Each structure stands twice: as structure tokens, then as C-alpha cells.
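Note that these values count all heavy atoms, side chains included, but never hydrogens, waters or copies made by symmetry. The shown structure was predicted, so the numbers you read here are calculated from the model rather than taken from an experiment.
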Amino acid sequence: MLLDLLFPNRCLHCTRMIEAYEWICNACWDQVALAHYNFNGTNDFAKRCRVHFPIENAYALFEFVKSSPVQMAIHQLKYKHREIIGRFFAELFISKLSELPSEIDLITYIPIHEKKRRDRGYNQLTQFCTIIGNHFKIPVEHNALRRKIHRKAQAQKSKEERYITQNIFECTQPYHDTHFLLIDDVYTTGNTIASAAWQLLKSGEGNKISVLVMAEDK
């Protein structure tokens with residue numbers, strides 16, 4: 001109680017004081033663009049993914065709009081040690097989707113390089129994936145993929161640099177007949193998640209991929 005008085009929770013966009021369990025105020029919520037997709041293979045986001053790799057299903061929680069509350073929240077999550085935002089986003093995702101496709105066997109996510117993980121102290125996707133996995137009772141594999149190459153953050157790259165993402169991941173073990181739910185924060189060109197997806201698909205016979213991202217940058 002005393003901590004709430006001394007360090008009140010504030011809206012990530014306008015800094016108004018809000019409840020401890022919230023990440024944004026009601027006024028700024030009106031500026032949040034939800035993607036409103038169904039988690040199936042027919043939405044526009046799934047069509048974008050299929051340009052790069054075969055998928056079963058795809059879902060984006062938000063539309064990524066420049067200078068929006070969502071962009072600010074993801075920046076805080078990735079670079080400002082606000083891991084709790086991963087929990088807020090996971091709970092919102094769960095509230096919007098009563099169930100995941102039943103055939104998903106394993107949840108995993110895009111890794112960051114070990115040097116970056118040590119410097120930052122965490123991967124911004126860990127809490128998001130763990131909460132979703134626990135809720136839907138699907139195991140989460142935190143080390144299915146390893147990032148081989150340390151590069152600057154996607155947000156700091158030029159448009160041309162974002163297309164150079166081939167062969168930056170490797171699987172840590174073979175998988176067979178596994179339907180992965182592969183999770184990332186922002187889908188931009190699709191090349192990063194495609195590089196990871198192909199490694200999972202090629203790691204063994206009968207593997208499949210579905211995709212979940214926090215936000216889709218169109």
C-alpha cells in the first residue's frame with residue numbers, strides 16, 4: 001500500500017495514475033488498434049506469413065502504429081525492464097481467445113542472443129509465453145532455438161538491413177511430429193520469424209508451425 005502511494009502505477013502513454021493491474025488509461029486505450037483476427041488460417045496476417053513459410057494458423061494481438069501506446073509499451077517491455085507488460089499483453093490475449101487450436105504441442109519464441117540476454121537480464125517474450133502456456137496447458141520450450149549471430153536491435157536497422165536475416169538461428173535439438181506455436185513481439189518484414197520457423201520445420205519429420213505476435217506492423 002505504501003509503495004503504491006510512493007510509486008503509483010502510471011499509464012505508459014500519457015503518465016496518468018492508473019490501477020496497479022493496468023498498463024494504460026481509459027483515454028489512451030481509445031488509441032490502441034486491436035487486430036481483431038481469429039486464430040485460424042484465413043486472416044490477412046496468415047496470408048502475409050505464408051509468403052515466407054508454411055503455417056497452420058496465425059494471430060496478431062495489435063496493429064503496430066508508430067508513436068502509439070502499443071509501440072511505447074513494447075519499447076518499455078524490451079528496453080526498460082518493464083517485464084510486467086508481457087503479463088498484461090498475455091492476459092489481454094487470453095481474454096480475447098477462449099482456446100488455442102487443440103493440435104498445438106509446444107510453445108516457443110524468438111530468442112535473443114546470449115550476450116544481449118545477459119546485458120538486458122531477460123527475454124521480453126518469456127513472461128508472455130509462460131502465462132499463455134500455463135493458461136492453455138501447453139508446454140513452453142524456452143531453448144528450442146538459439147540465435148547464432150549478435151546484431152543490433154530490429155528497431156535500429158534500416159529497411160534494407162531488416163531483410164538480411166537468413167541463417168541466424170539454429171535448433172538446439174531435433175523435433176518430430178511437433179506443432180509449434182512460434183511467438184514474437186512485432187512482425188515487420190517477416191524475415192526474422194521465417195528464419196526461425198524454417199529451422200523448426202527442418203529439425204525433423206512432420207513438424208508444423210503456427211504463429212502468434214504481439215503486434216503486426218503493416
Side-chain angles (χ1 to χ4, degrees), residues 35 37-62 74 77-78 86-87 89-94 96-114 117 122-149 154 165-217:
Y37 288 132
N38 292 319
F39 206 136
N40 58 51
T42 61
N43 62 60
D44 289 340
F45 176 51
K47 293 176 184 177
R48 289 186 68 192
C49 292
R50 287 197 178 97
V51 172
H52 300 282
F53 56 97
I55 64 159
E56 305 301 311
N57 305 280
Y59 186 93
L61 182 59
F62 302 107
I74 291 176
L77 170 64
K78 293 176 71 169
R87 189 189 80 191
F89 283 5
E91 291 171 349
L92 177 61
F93 171 75
I94 289 166
K96 292 184 66 61
L97 204 72
S98 59
E99 60 184 16
L100 287 173
S102 59
E103 68 273 14
I104 289 174
D105 301 304
L106 195 66
I107 294 173
T108 193
Y109 50 92
I110 300 297
I112 58 178
H113 192 272
E114 181 59 24
R117 193 200 63 77
Y122 64 99
N123 182 314
Q124 69 273 10
L125 296 170
T126 300
Q127 187 165 177
F128 180 78
C129 295
T130 299
I131 291 170
I132 290 172
N134 288 342
H135 178 82
F136 292 107
K137 296 180 173 56
I138 300 173
V140 178
E141 176 53 72
H142 297 281
N143 299 301
L145 292 161
R146 185 179 74 86
R147 187 182 287 259
K148 300 187 293 183
I149 300 170
Q154 188 84 339
T165 54
Q166 294 181 349
N167 302 318
I168 60 174
F169 302 106
E170 64 182 4
C171 276
T172 58
Q173 65 183 71
Y175 294 92
H176 300 279
D177 298 312
T178 302
H179 185 170
F180 296 94
L181 178 60
L182 180 59
I183 295 180
D184 200 5
D185 47 23
V186 180
Y187 186 102
T188 306
T189 65
N191 287 350
T192 297
I193 202 165
S195 179
W198 279 114
Q199 293 302 315
L200 294 171
L201 289 168
K202 294 187 299 182
S203 72
E205 296 290 333
N207 292 334
K208 298 177 181 179
I209 300 286
S210 289
V211 170
L212 165 62
V213 297
M214 293 178 177
E216 178 192 8
D217 187 349

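M214 has its side chain within reach of L125: a pair of non-hydrogen atoms, C-beta onward, lies under 4.5 Å apart. Side-chain contact between Q124 and I74 is absent, with no heavy atoms from C-beta onward closer than 4.5 Å. Counting heavy atoms from C-beta on, the side chains of W198 and I209 never come closer than 4.5 Å. In this structure, the side chains of D105 and K208 stay at 4.5 Å or more apart for every pair of heavy atoms. Within the 4.5 Å cutoff, no side-chain heavy atoms of L100 are placed close to those of L212. Looking at heavy atoms from C-beta onward, F45 lies in side-chain contact with V211 at the 4.5 angstrom threshold. No side-chain heavy atom of L77 sits less than 4.5 Å from a side-chain heavy atom of D185.
Using modelled atom types, one finds a donor on one side chain and an acceptor on the other under 3.5 Å when comparing N207 with S203.
For residues 134-145, there are no salt bridge (charged side-chain N to carboxylate O under 4.0 Å, His left out) pairs, not counting sequence neighbours. Residues in residues 127-147 take part in these ring-ring contact (aromatic ring centres under 6.0 Å, His included) pairs, two or more places apart or across chains: Y109-H142.
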Atom pairs and distances, side-chain donor-acceptor, residues 175-184, under 3.5 Å, sequence neighbours left out:
residue : atom : partner : partner atom : Å
H176    : ND1  : E205    : N            : 3.2
T178    : OG1  : H176    : O            : 3.0
H179    : NE2  : S210    : OG           : 2.7

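Side-chain atoms of R147 come within 3.5 Å of backbone N or O of P111 as a donor-acceptor pair.
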